[in-house]
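Working notes for the structure below.
Counting convention: from 1, in listed order, for ligands and their atoms alike.
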Amino acid sequence: MAQYNKVTAEVVEKLKAIAPNRVFAGEEINEDYIHDEMPIYGKFAPEAVVEAASTEEISEIMKVCNENCIPVIPRGAGTGLAGGAVAIEGGVVLCTTRMNKILEYDMENLSVRVQPGVLLQNLADDAATRGLLYPPDPGEKFATLGGNVSTNAGGMRAVKYGTTRDYVRAMTVVLPTGEIVKFGSNVKKTSTGYSLLNLMIGSEGTLGIITEITLKLVPAPKEIISLIVPFEDLNACIGAVPKVLLSGLNPQALEFMEKDIVRMSEKYLEKQVFPQVIDGVEAGAYLLISFDGDSMEELEQISEQASEILFEEGAIDILVADTPELKKNAWAARGSFLEAIQADTDELDECDVVVPISKIAEYLEYVNSLEEKHGLRIRSFGHAGDGNLHIYACRDGKPEAEWKEKCEAVMDDMYARANEIGGLVSGEHGIGHAKQEYLERCVGPVEMGIMQNIKKVFDPNLILNPGKVCYKL
Ligand SMILES: Cc1cc2nc3c(=O)[nH]c(=O)nc-3n(C[C@H](O)[C@H](O)[C@H](O)COP(=O)(O)OP(=O)(O)OC[C@H]3O[C@@H](n4cnc5c(N)ncnc54)[C@H](O)[C@@H]3O)c2cc1C
């Protein structure tokens, strides 16, 4: 393990000379920098924060930190859910949110060049004014694109359009040693050696700092329609998913949700959208499906064909959300699940596994059985169209020691079963420092060793984001 040095007053002065008025140390550091959006993974105060303004500045900062063996933790908006952007070994948090310019659209190559601190929502809105869509659609719209690329963020539209990885064509990276490199190019395909571009995507700030990104865009579909589909139980609900996927109707989003979490979210938003009892039958679970296309006529046809399939698979009703109001309310309820669960308990831990679509129902049945086995309330929802599940263990006022023990036991069981059925540790939130142990159990020593060797090639002094992903302290 590397031996790190403290950020001395002399080092702070060197950083200030590089980034005047944008270096904060000790008491000046804003509380927000000591955690991400999962407080259960701990609070860690950095010794300094630099709010960087350019690639060249970041390069100079990295040279100082590398020479002095000081940890550097790249950070975007801090909305991560795996403890990736926190300073567990102290050192310098390098924040990119000031680098927030959309630099240039290239309409001929359907792409856009951005700085890493541009917020997802800002690019989505700006692209829309040009009739374009940036398809990745993670739930947190105020995350940065640098953070999205570094975690390979997914989101609701992954079932049709793929994840962030599918939209990154090129990037500028500052290596831990301070060298500036460009990976990829603004081309549609490549067989040009190892893809270091793809290695960077999802590397959670452990290999280099992303300082500029070229992203692919697509023409925006003109119309969207959503279907709210209640089923009597979760098995029927999940059972319908492969049929919809096989139909060739190509849904843009395909989410499942159990009734408890829907009620919780409706209560949180003080708005009821999802039907509860239909002809005397209580809905136990729902699919929320969206289709996009160029005309309402086309979408009406698609939704008719989808309805036929869904009724055959046991849907007890189908509500077509074709007005902006209903669509907004249905997706707002879905988008608020995490906040609703957070508001309903004092602390929670999350599991973000991805499993083969054919195994979702069986896996969730197992997960639900853990409530009784461990005496802990569990809530789940997820992207049925791509097998990525978000499962939450709720503390509900349990004393610290009991909560820790039960939570660990539940997580151990969930990750172990996901592993057995061919699943992986994280579908979109990443490993950070919180899920390292599960990564190791999942991929085994050989793959872990390869990752650690790659880390050393990029970062010989192991200063970049220590204790994250494969590099254990
Ligand atoms: C309510 C809510 C809903 C969410 N929904 C989704 C969802 O649907 N899908 C999804 O995938 N995620 C979701 N997330 C998680 C989170 O928004 C994503 O992980 C996001 O990509 C993090 O971006 P950020 O700018 O906040 O990055 P941060 O949290 O600041 O950092 C995340 C990681 O990226 C690294 N990093 C950040 N910027 C750079 C850079 N420029 N260069 C190198 N490394 C960098 C950090 O070191 C860290 O390891 C959700 C979070 C919340 C709170």
Would you mind writing out the side-chain donor-acceptor pairs for residues 39-47 within the sub-3.5 Å range, not counting sequence neighbours?
{"unit_1": "Y41", "atom_1": "OH", "unit_2": "D349", "atom_2": "OD1", "d": "2.5"}
{"unit_1": "Y41", "atom_1": "OH", "unit_2": "K435", "atom_2": "NZ", "d": "3.1"}
{"unit_1": "E47", "atom_1": "OE1", "unit_2": "V7", "atom_2": "N", "d": "2.8"}
{"unit_1": "E47", "atom_1": "OE2", "unit_2": "G91", "atom_2": "N", "d": "2.6"}

Neighbouring protein residues of ligand 1 - any heavy atom closer than 4.0 Å
E37, P74, R75, G76, A77, G78, T79, G80, L81, G84, A85, T96, P116, P138, G139, E140, A143, T144, G146, G147, N148, S150, T151, A153, G154, G155, E204, G205, G208, I209, I210, L338, E428, H429, N465
Geometric class of the H383/H390 ring pair [parallel <30°, tilted 30-60°, perpendicular >60°]:
perpendicular
Just jot down the side chain to side chain donor-acceptor pair (under 3.5 Å) partners of D386, sequence neighbours excluded, or say none.
none
Establish, yes or no, whether the cationic atom of R130 lies under 6.0 Å from the six-membered ring centre of Y105 and within 45° of the ring axis.
yes
Using a 6.0 Å distance limit plus a 45 degree cone around the ring axis, check whether R379 lies over the aromatic ring of Y392.
no
Determine which pairs satisfy side chain to side chain donor-acceptor pair (under 3.5 Å) with at least one residue from residues 67-95, sequence neighbours left out, and list them in order.
none
